[in-house]
Structure formats: C-alpha cells, structure tokens
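Accompanying notes for the structure given below.
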2 protein chains.
Amino acid sequence: MNLKELAHHLNLSQTTVSRALNGYPEVGKATRRRVADEANRLGYRPNAHARRLATGRAHAIGYVFPSDRTVMIDPLFSDFVAGAADVYTSQGFETLLHAGGQEDEMSVYRRYAEGGAVDGVVVQASHVDDPRIALLNELKLPYIVHGRTGDAENTYPWLDIDNCGAFQKATKLLTDFGHKRIGLLNGLETITFALHRRQGYENALREKGLAIDESIRFSGLMTEENGYRHTKRILQQPNAPTALLLSSMLMVWGAMRAVNELGLVVGKDVSMIAHDDGLPFLSADGLVPALTTTSSSIRAAGSRVAELLLERIENPEGEVPHELWNVDLIVRGSTGQAPR
Amino acid sequence: MNLKELAHHLNLSQTTVSRALNGYPEVGKATRRRVADEANRLGYRPNAHARRLATGRAHAIGYVFPSDRTVMIDPLFSDFVAGAADVYTSQGFETLLHAGGQEDEMSVYRRYAEGGAVDGVVVQASHVDDPRIALLNELKLPYIVHGRTGDAENTYPWLDIDNCGAFQKATKLLTDFGHKRIGLLNGLETITFALHRRQGYENALREKGLAIDESIRFSGLMTEENGYRHTKRILQQPNAPTALLLSSMLMVWGAMRAVNELGLVVGKDVSMIAHDDGLPFLSADGLVPALTTTSSSIRAAGSRVAELLLERIENPEGEVPHELWNVDLIVRGSTGQAPR
DNA sequence: AATAAAATTGAAAGCGCTTTGGATAAACAA
DNA sequence: TTGTTTATCCAAAGCGCTTTCAATTTTATT
C-alpha cells in the first residue's frame, strides 16, 4: 500500500499523511494518531526509492573495494563493518558493499556521488598517496578515512589508531628486556597502518642505537602461512633475533608453529608481541603463554567511524574530524628477558 | 547533470536519450552514438533512485543479520559475501548489509519486501524450523537459503554442501583407521550445517556399531579458545578418544595447542580432521602435520548462491533451484592408525 | 506521384514520496 | 460581533527516470 492510498483511506491529503508519519509539528495530535494507527492496520510501507528521489538523500553508506580482491577477504572487515552497520541501521541508513566487477574503484566513487547512490563512503586501506581523497573532495561526497594518508592531517577526516606509537612502545618493551635484534612481521606497507607500525618499530630501535636490519623483517599478507614461513626464515638465519613483533593475530599461529618447530620456547627463547584487533574467534589471553599484545578493537573503530561519518553527512561544513586512538600495550607471558 | 538536461543539449526527447543509453533497438545507430558521446562528454550520471522508482526494481540484494551479533563476527562471511558481491556488481546490483539496530529481523524482511528496498535476499544460518521461509514466501520476495531448513527440500530454493556426507566420510576414515572413540567439536547445532555434520558423524559410528558418547562432543561457537578448551576437556577424560573431528579451521589452532600441551602428537597419538572453508588466511596443507580436511570453498558457494538468486529474481516462477555440493575429503598427515 | 509499411523519434503520464505556497478552521482579543 | 492571530490541513509541482501510446520521417511498392 502506498501513501496515496493510505491518504485516501484516511480522507486526508498526502501532505498531511506524510507529515504525520514524519513527525512534522504542525500536524494535530489526534490526526497524527489516526494516521499512525491506520498505517499500522493497513500495512503501509514507505517506498525507499521514492523517498530518496524526493529528498535527494540516499540514506546509504558505501564501502567500496578495489577490483583486486585481497582486501575483501580480510576477516577484520567482518568485525569492522559489524560495528558500523549497527550505527547506520539505528539511524535508518543502509550499508552498501561494492566489491568485484570490472569497474574501476574511482569510477564507482564518481558514479555513487554523481548518481546520488550513497550519502557518504568509508575509505579503507589508505595509502600515503591516496587519490581517493582528492576525488571525493572534488565530488563533494562526504567520507571518512579509516587510517591515514600522506595529506596534512587536518585537511581530511580520519580515524586511526596510533600504530606508530603502539609499535614504538612494543619495541621499546622488548629493548627494555634487553633484546637487541627484533624481527618484524608486518602487513602490506603500501597501506599506512603497516608503514606507521614499521616507523614506530624503527623509532624505538634508533632510540636505543640499535641496528635496523631488513633481513629480519617481512611485509605482506597477514596469513597463518606467512606467519609460519617468515618466522622460520627469520629465526633460522645467523644472529637470529630474540624477539618478534607481529602486525596481526592471524600470523601468530604460524609464528608459534615455527618457534615450536625450531625447538624454541615463546617467552623464554624468543619473545613475541602481536597486534590484537579484538577478533572474537581468536583471543590473545587464552594462548599459552598468554600473548603480549598491542590492542585496539576494530569493531569499536567501525562504530566510531560510522558515527563520525553520519555527523559529517549531517553537517558537511562542520569541523573536519580526526581521531587518533591510543593503543593499549598489554604485557603477558610471551615477553621476557633476552636470553644471554 | 540529469537526463532532461542531456536531452536538451542533444535536441532530442528524454525518451530517445533514455532508450539510447539503455540499448533499446529502435533507436537509430547514429543517434545512439551521439547520445553516448555527449553523455560521456558532459558527465551524465543516471540517478539510481529515479530509475528504481520508475522501473519498480531495486537492483539490490539484502543480507539481513539478526539483532544478535554473533553471526556477523563470523570471518567466513567476508569470504562468502566477497564471492557473491562480485556476481552482483557484475550484473549491476548492489549488496546491502543489514546488521544491528533494534528492528526485528522479520520486520526488516517485511519492510524490505513491501517497501521495495531489495529484489531478493540470501538467508544464512538456517535452522530446522526457520520462520523466514514462510515469511519470504508470503512476501513473495525472491530468496535463496545458504544451507537448509527442515522444510521439504524441493519446496524452497537452497544451496548447501553435503555436511552429513562429509562428516560421515571423515568419521568412516577414522574408524577405518581403527579409531573407536572419536571426539566431535561442532558449530552451533541449532544451525543446520552443524546438525547435519553431527548426523553424519553419528551415522558412521552406528555403521560400525560404535557408541555415541555425548561427553566427547562439543557444540557452540567455533573459536580458537573453544577449540583449545574442549579438546583439552575431551582428551583428559578417562577412555579419551584417539581422534577428533572439528567443524572449522578456526578451532584447529586451539585444538593443536591442547594436544601439544597434553604431550600428544597429532597424527600419531591422536588423529585430527577439520572442515576447511578455504579461508585464505588459514591454510590446512601448510600445517605440520598437514591437516586432513573436509574441504569446500565458501567463496565459491557465495558466488553460486548469488547466481542462483539473480536467476530466481529474473524468473520467479521458474524451477526451484537446489544444489547440494559434494565435499572433498583430503587425506593428509594428521590422520593415522589408532594407537594400541 | 500516391500510398503503405517500416523505422525512428516524441509528448506526456506515472512511479511514490516530499515540500512549496498556500487555504481553511479554530482560538483569541478588542 | 468582528477582526486578527495561530493552528491545522491541502493542491499541486517536482525529484529523475521509464514507458505507453502515439506522431513523424524514411523507405518501399504500386
């Protein structure tokens, strides 16, 4: 049933019915109640497309993935978008996923903006030279970056965790324990979270006058297998590190497998710290030894990113939001004194 | 720029321009070319809402999650929807996620259907008594179930893997190796995939006249910690099983941790088989020992589900599709003879 | 040249809602 | 009672596209 029919049933104009249902104050109380009751009774459902056309608002948020699919398989995304979707849904917005297909990602943004398909987008997997910022600014499509780019940090909206600080603190903890050679298993360093983590790691090494050695580092996809393969490679070389810093819990299993295979003991022969995104199927404190982690909830980040974006949509000329979240360093049994 | 303006530029009617851009055969070739060129030159972008209102088609597929959030955190979903989104995007459809908020899931389906927000939905985490089937049939909203319900299997559209057969074969392999007590770590058995897996496991035990012992079983969330905790519990009791069957790779790490802690060796003291959904961050063959698995690609299932749903949308009165996919049993080093 | 058929293009209505620019009714003050 | 103000309700246009039901132009036939 559409609004016209409902209005006819009520012997009211479409204007009055629309206003009654949408909370306009100039509709009388009794009328408002009549309309609501009848809408319920007759099963009236507003047509989202008509509403969007009439208002010029999409009430939808886009998550656009490049045609290259590696980002999409990221299990972090499930949690990230779960946090966000709750916020959107509560505010009457839809969550749109765009993945795959042949269309270039930039072209998708353009089509979304100029065709009015979404009210805003979340930019993920940000790069130093990210062309999306300039494009979205040109298109005047509200957006927020989850992460950062190389642009001046007060010129575009973003939310990030302090990856640099986190890995600097983690590396410092290890150096405080006397570790002089620390391996790093990172994510793709074209993405700024991983770049910042490496920078933090290097900052801490420099502070202690320790060498930066690329041969005890890995950057790439954060999989169990890469965790295993590169931990093994790193620990088997001469002058092997006595500590490892990992960018994701997803690599921890492989890393621990490798350590065990080499007859080493985590927390004794080799210290280990990993970044914990708070994935529920993979908890850090249940491991043995319990893992020292840099911790930040990806789900909470998803929620906050959603809130900031909706505020931005509501008030596009408002202050440009940027939040840098501190990261907890939770010290558990997987870190200890460097062996002699 | 809208279509009216474009038409004005071209000195053509909106009808002709619309037809030219949408491939209607009755538009002359030269006119078609002129329109396409000018649309490109002037940056015309169709308004998706207007198009949807005019055609009555949403060109969107809904994935609706219950308000309870446990399903959404499932990392399998990332891969499942990645497979599907590629299909939808290629066909000009959007992928809509609905998670969280206060609205009841059934109410969301009703609003989607009657408000025309989506052209179809994918039903996930299906139950034996799943009320969504009846509702979607009543609403006449095209859908497909990923999994099965208790309804007669030719009365609703679904795609599933042969969970029962897979776990029956896996259990049989273990009994063939002489294992007489086999532990099962399953998913939530209110969801039919897990129920079918348990049925397969029990079928194989019955075939060999072996006891069905609930004390060596677990069903619940498939997390690393549950894998650890319940493997430990199961293996520490008197008359412990000599083999384990796990419903997800996500539990394998915990299970192996527990086995190691008990001083046992996988493949020697205890055999292990797990279900492998083909998650790229967690491969089965790279483990040591390489894991015997029941294998099926969740991403491929996502793609196929999407194809079947789009066909259903195109032809709602067509034959009701149902596909049961065989599951490979890939035998690797984690299974061996029962110890004496 | 006239007529018929085919090809191409067009006017206007409609999809279902919102909102502009009112009109009308009720309440209040002189 | 009359005039003014406030509250409540309404007609119609428009958002931007598609599609129905034509009209016009071009081509073929007699």
Side-chain angles (χ1 to χ4, degrees), chain A residues 1-36 38-39 42-60 92-94 110-119, chain B residues 1-36 38-39 42-60 92-94 110-119:
Chain A
M1 144 164 291
N2 62 27
L3 189 135
K4 188 176 183 182
E5 290 163 359
L6 180 60
H8 188 260
H9 265 95
L10 285 153
N11 214 27
L12 291 168
S13 74
Q14 294 178 60
T15 303
T16 299
V17 172
S18 174
R19 286 183 160 157
L21 293 171
N22 288 304
Y24 281 65
E26 65 259 43
V27 172
K29 277 200 176 82
T31 302
R32 188 188 305 281
R33 192 172 303 123
R34 269 184 67 213
V35 170
E38 200 77 350
L42 298 176
Y44 164 73
R45 312 274 172 201
N47 183 303
H49 311 308
R51 166 171 281 175
R52 288 168 173 151
L53 181 59
T55 61
R57 297 289 293 268
H59 290 95
F93 277 68
E94 301 286 356
R110 189 172 289 279
R111 177 167 59 82
Y112 270 10
E114 293 176 349
V118 298
D119 292 331
Chain B
M1 145 165 293
N2 63 27
L3 189 135
K4 188 176 182 182
E5 291 164 358
L6 180 59
H8 188 258
H9 266 95
L10 285 155
N11 212 26
L12 291 169
S13 73
Q14 293 178 61
T15 303
T16 298
V17 173
S18 175
R19 287 174 166 154
L21 292 172
N22 287 304
Y24 280 65
E26 64 260 44
V27 173
K29 277 198 175 79
T31 302
R32 188 188 305 281
R33 192 173 303 123
R34 267 184 69 213
V35 170
E38 199 77 351
L42 298 176
Y44 164 73
R45 311 275 172 200
N47 183 302
H49 311 309
R51 165 171 283 175
R52 287 169 174 150
L53 180 60
T55 61
R57 298 288 294 269
H59 291 95
F93 277 68
E94 300 287 357
R110 189 172 289 279
R111 176 166 61 80
Y112 271 10
E114 293 177 348
V118 299
D119 292 330

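Sequence lines set the chain letters: A, B, ... in the order given, protein chains first and strands last, and positions in each chain run from 1.
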Decide yes or no for [X] and [Y]: does some side-chain heavy atom of the first lie under 4.5 Å from some side-chain heavy atom of the second?
X	Y	value
Asn22(B)	Arg51(B)	yes
Leu53(B)	His49(B)	no
Glu94(A)	Glu94(B)	no
Leu6(B)	Leu21(B)	yes

Once you apply a heavy-atom cut-off of 4.0 Å, does Gly28(A) come out as touching a base, just sugar-phosphate, or nothing? sugar-phosphate

With heavy atoms under 4.0 Å as the rule, sort Arg45(A) into base, sugar-phosphate or nothing. sugar-phosphate

Donor-acceptor under 3.5 Å ([X] side chain, [Y] main chain):
X	Y	answer
Arg52(A)	Ala117(A)	no
Arg34(A)	Leu10(A)	yes
Asp119(A)	Arg57(A)	no

Atom [atom1] of [X] and atom [atom2] of [N]: how far apart are they, to the nearest Å?
X	N	atom1	atom2	value
Arg52(B)	dT19(D)	CZ	P	15 Å
Glu114(B)	dG16(C)	CD	C1'	15 Å
Leu21(B)	dG16(D)	CG	C1'	13 Å
Arg57(A)	dG16(D)	CZ	P	15 Å

Between [N] and [X], is there an OP1 or OP2 to side-chain N/O distance shorter than 4.0 Å?
X	N	value
Tyr24(A)	dT18(C)	no
Ser13(B)	dA11(C)	no
Thr31(A)	dC9(D)	yes
Tyr44(B)	dC17(D)	yes
Ser18(A)	dT18(C)	yes

Which pair of heavy atoms, one from [X] and one from [Y], lies closest together, and at what distance?
X	Y	answer
Ala58(B)	Gly116(B)	CB-O, 3.4 Å
His9(A)	Leu42(A)	CG-CD1, 3.7 Å
Val27(B)	Ala20(B)	CG2-N, 3.9 Å

Could you list the residues that satisfy side chain to side chain contact (heavy atoms under 4.5 Å, CB included) with Arg110(B), not counting sequence neighbours? Arg45(A), Glu114(B), Leu135(B), Glu138(B), Leu139(B)

Collect all protein-nucleotide pairs involving nucleotides 12-15 of chain C in which both atoms are nitrogen or oxygen and the distance is under 3.5 Å.
{"unit_1": "dA12(C)", "atom_1": "N6", "unit_2": "Thr15(B)", "atom_2": "OG1", "d": "3.4"}

List the residues meeting ring-ring contact (aromatic ring centres under 6.0 Å, His included) with His59(B), not counting sequence neighbours, and say none if there are none. Phe93(B)

Upstream residue (5' side of DNA chain C) when Pro46(A) and Thr16(B) are each assigned their closest nucleotide: Thr16(B)

Over the length of the helix from dA1(C)-dT30(D) to dA30(C)-dT1(D), how much do the five-pair end axes diverge, rounded to 10 degrees? 50°

Detail all sub-3.5 Å separations between protein N/O atoms and N/O atoms belonging to nucleotides 22-27 of chain D.
none

Polar-atom pairs under 3.5 Å, protein N or O versus N or O of nucleotides 4-7 of chain C: list them with distances, or write none.
none

